[in-house]
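Okay, so here's the structure we're looking at.
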Amino acid sequence: MKYAAGVLIIAFLVAGGVFGAFFLTSGNEIKDPEISRIVEDDYNLETNREQSNVKDSYESLLTQAEDRLAELKTEVKEDLEEESSYLDMYEKYEPAAKKLEEKTDEKFQDLHEQLQQAGEEEKASTLKAQYERQKEQWKKSIVKEMKESL
């Protein structure tokens, strides 16, 4: 049951969660050093600005983002085993999930702009649609995981 609740918390966090505006009391500060490391580390992408490498950088960004999301899920599961309250869990992970999404969006935007500046508007548009679909898939997979654990 605790595992299901943890997955539910992550689902709300990744989806932006409606509860943040009402229950978040600790601001956007990430207090746990391990969680901060997961979220704050820079993405390791090629800095070559050639458009041919943008697709490789995009794939690398997705892989690294998925790895970080998996690390956050592992942290949630470990915290649930230690009898943390759900509100404490929410306050701990909501800022981390929000920051992770912001950092990932920022890096994606850099890649998107590289294509646009190279005059590849159609490729940029296609890549943006792919990215938005991928974010939705991540959210759906977390919700599915939660439902399966109930």
Gln130: what forms a side-chain contact (heavy atoms from CB on, under 4.5 Å) with it, not counting sequence neighbours?
Lys55, Tyr58, Leu127, Arg133
Ignoring hydrogens, what is the shortest heavy-atom contact between Val39 and Leu100? Give both atom names and the distance.
CG1-N, 3.7 Å
Least distance between heavy atoms, Ala65 atom then Thr104 atom:
CB-CG2, 4.0 Å
For the [atom1] atom of [X] and the [atom2] atom of [Y], what is their distance to the nearest 0.5 Å?
X	Y	atom1	atom2	answer
Asp67	Leu72	CG	CG	11.5 Å
Glu101	Phe108	CD	CZ	13.0 Å
Ser57	Leu62	OG	CG	11.0 Å
Glu75	Asp32	CD	CG	6.0 Å
Ile30	Lys92	CD1	NZ	11.5 Å
Thr74	Leu69	OG1	CG	9.5 Å

Please say whether more than 12 non-hydrogen atoms of neighbouring residues, nucleotides or ligands are located less than 6.0 Å from CD in Glu121.
yes
Sequence-distant partners of Asp88, side chain to side chain donor-acceptor pair (under 3.5 Å), two or more places apart:
Ser85
By side chain to side chain donor-acceptor pair (under 3.5 Å), Glu132 pairs with (sequence neighbours left out) none
Check: Gln116 side chain, Ala124 main-chain N or O, donor-acceptor pair, under 3.5 Å:
no
Without swapping roles, check the side chain of Lys103 against the backbone of Glu40 for a donor-acceptor pair under 3.5 Å.
yes
What I'd like to find out is whether the side chain of Glu59 reaches to under 4.5 Å of the side chain of Asp56, using heavy atoms alone.
no
Mind running side chain to side chain contact (heavy atoms under 4.5 Å, CB included) on His112 and Gln109 for me, showing each step along the way?
CA-CA 5 Å; His112 186 256; Gln109 189 59 34; 3.8 Å; yes
Between Arg68 and Glu71 (salt bridge meaning N to carboxylate O under 4.0 Å), is one present in this structure?
no
